[in-house]
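In what follows, chains are A, B, ... by sequence order, proteins preceding strands, each numbered from 1.
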2 protein chains.
Amino acid sequence: MPIRMKDIAKDLNVSVGTVSKVLRGHADISLETRERVLRRVKELNYRPNLTARSLVTGRTYMVGLVVPDLLHPFFAQIAEGVARRVHPKGYNVVLFPSNEDAELEVEGIESLLTHRVDGLVLASTLGPTQCDVFRRIDEQKVPYVLVDREIPGLQANFVGTDNERVGVLVTEHLIQRGNRRIAHIRGPELSTASGRLTGYVNTMSRFGLPIRSGYIVNAAVTDVRGEEYGFRGMQQLLAVDPRPDAVFCYNDLIAYGALQAALRAGIKVPGDISFIGVSNLPYSEMLRVPLSTVDQDSQAIGDRAAKLLLRRMESNNSFRPTRIFVPARLIVRDSSALCPGAEEASHAAWEAMQSRV
Amino acid sequence: MPIRMKDIAKDLNVSVGTVSKVLRGHADISLETRERVLRRVKELNYRPNLTARSLVTGRTYMVGLVVPDLLHPFFAQIAEGVARRVHPKGYNVVLFPSNEDAELEVEGIESLLTHRVDGLVLASTLGPTQCDVFRRIDEQKVPYVLVDREIPGLQANFVGTDNERVGVLVTEHLIQRGNRRIAHIRGPELSTASGRLTGYVNTMSRFGLPIRSGYIVNAAVTDVRGEEYGFRGMQQLLAVDPRPDAVFCYNDLIAYGALQAALRAGIKVPGDISFIGVSNLPYSEMLRVPLSTVDQDSQAIGDRAAKLLLRRMESNNSFRPTRIFVPARLIVRDSSALCPGAEEASHAAWEAMQSRV
DNA sequence: TTGAAAGCGTTACCAA
DNA sequence: TTGGTAACGCTTTCAA
């Protein structure tokens, strides 16, 4: 029923090969034939059958994209970034939301491989002990780029945030604002959480500040239900003595939950306790207390990942893996604002710290 | 380089056809052959070439999904709903974010058709004058389902919200809470906005309430930058005399912008003016003033759309278009709470209205 | 500049 | 229960 090259060829008394060449802009076709073919293509609204083309060229012009959770604007934005970058090059994006579930993710990747995608962008939930899939991807010679989450021990292309840097940025900010008893509600067992934790720990020690017992709260098994988890985490922190004067939260959702717990306990924010998250969710600014955070520029992460993937797909030689860090930037809002009057004190303290380092 | 059926056949001294049948679970294969084949398939980690299969079967096992904006959780959730429903059936989802741009959307649909998707789910930005693409989809005999937005005059499968009902629900709620001077900040030229508007207008007139001049604000050309638009819209409303005592906003983002404008003007919410939006964005509850809204159950919309599409794809006879409305539900939060003391007054007024109708 | 023909990796049909 | 063979709609190579 759909129109084929054969139909056009017959109509025009040319060969199929000629039509094929015209459609792909080959030079060795007379102007006249070319125009006749193109006219007929327009008239019939002909669309080449990409599956047939793929069968012979071995390329599908599809890239697979696996994300844990589209509802998280961070990943939605990565998806948009990837799509915007690859569409002009003629690629389509096959989306697989893994729901933060390792088994489902593996199934998804297998399914994408069976569909013969030309490349993969993966925000993976998998840990270092679950890397068999990546071997299988390599076997098929399908290039892939990890985004956001790196997998320790896996040599792979990566585009994302320097999470240790994030931890440093945030902790320095809190210290500079005069906080000394800084706690951390950490995230799940992923490179993102461990990086942020490391940055925090290192910075605290660099400034000679103690991390008291109970100041690192850890209960998140996964990346979902962050708000609830932040709420409970903060309840734990409120029971610690001495009480923290600032809480660095793994992400904005956790920070929001923690903030809630604090407000409900009658604590003033800012003033008594400062809060800061990571992600810069679109609504973090609209909250009861606008939330300080770190913006990771997720659209750029998607864009860079796609760019890197395109390079890998276009050239068939294999390079060694590339790591790209997209700069993150601190966004200071009310939740970590200075307590009134604390400015000079804080400034002096900061100076002292700096010289001490 | 990748393994083919031919390789397996040769290894086992059987024919390619036999292997093919085993892989698709045909009954007429001896147990022994079946097991030998399956063992070898496992050993070699063989993956059938779906592009080759598609070429002969004419089915790609891909569905196209066009959404205006993934960052809007409403559409992200639709995407997840679609994906969850079709994956178990072996389909993959090809995603195309149109960025709320009609021209881009058409390109996207064309691209999906060229990739030979078996069906389409479309949250379309197109208006009644831009329906040529749909004709072209029909020509290719590709079934499609519109979601969220209907196109006047286009006979097509549809899954979404009954927006007129939403308008009624919201307006009745505001009236019941004692508001009389109810204004509306409407949305862009889409079925969603006109439905909500109609529901509002009808309900006001049903209760004998006037819609004063200037009470319907309209400036949104598109669905983006809602917050800013809501802010400006509210500024207009603040200049109207008499000032509204409630504002029904096309969606949550607009409501949030409007709320901001009101608070900034020193107005008490709730108390002086009530606000309500539509969408139930995940953060609407966390706002400075938790926002009343209407939940549309977007995941269910995606799910039902995919279900309907699957039915259409599995059977090759064409049915007449189906329209499915997924029930929406009012969520009352602080922004439209009753003013203290207004309860009895309001109740009496409501009774009076009801009997009057 | 054009045409003919051989593949690409499957499925599907018909014989054996 | 199996094998052989002709499609499927394109690209690509080689000859004309």
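- We find that A:E80 and A:R84 are joined by a salt bridge, their nearest charged nitrogen and carboxylate oxygen being less than 4.0 Å apart.
- The stretch residues 48-63 of chain A touches DNA chain C through A:L55, A:V56, each having a heavy atom under 4.0 angstrom from the strand.
- At the heavy-atom level, A:N13 lies under 4.0 Å from the strands shown only through sugar-phosphate atoms.
- The existence of a salt bridge linking B:D7 and B:K10 is excluded, since no basic side-chain nitrogen approaches an acidic carboxylate oxygen closer than 4.0 Å.
- Across all non-hydrogen atoms, the minimal contact from A:N157 to A:T322 is OD1-N, 3.0 Å.
- Taking five base pairs at each end of the helix from C:dT1-D:dA16 to C:dA16-D:dT1 and finding the rotation axis that steps the C1' atoms of four pairs onto the next four gives two axes whose angle is 40°, to the nearest 10°.
- Listed by first then second residue, pairs satisfying ring pair (Phe, Tyr, Trp, His ring centres under 6.0 Å) with a partner in residues 109-141 of chain A read A:F134-A:Y144, not counting sequence neighbours.
- Judged purely by atom type and a 3.5 angstrom limit, B:R36 uses its side chain to pair as donor or acceptor with the backbone of B:L12.
- The interatomic distance linking A:M5 (CE) with D:dT12 (P) rounds to 11 Å, in whole Å.
- Residues of residues 27-37 of chain A having a heavy atom closer than 4.0 Å to DNA chain D: none are found.
- Heavy-atom neighbours of B:E103 CD from other residues, nucleotides or ligands within 6.0 Å: at or below the threshold of 12.
- Of the residues in residues 15-24 of chain A, those lying under 4.0 Å from DNA chain D by heavy-atom distance are A:V16, A:G17, A:S20, A:R24.
- Taking the 5' to 3' direction, DNA chain C first and last meets chain B under 4.0 angstrom from a heavy atom at C:dG9 to C:dA12.
- Looking only at distances, a side-chain donor or acceptor of A:Q130 sits under 3.5 Å from a matching main-chain atom of A:G127.
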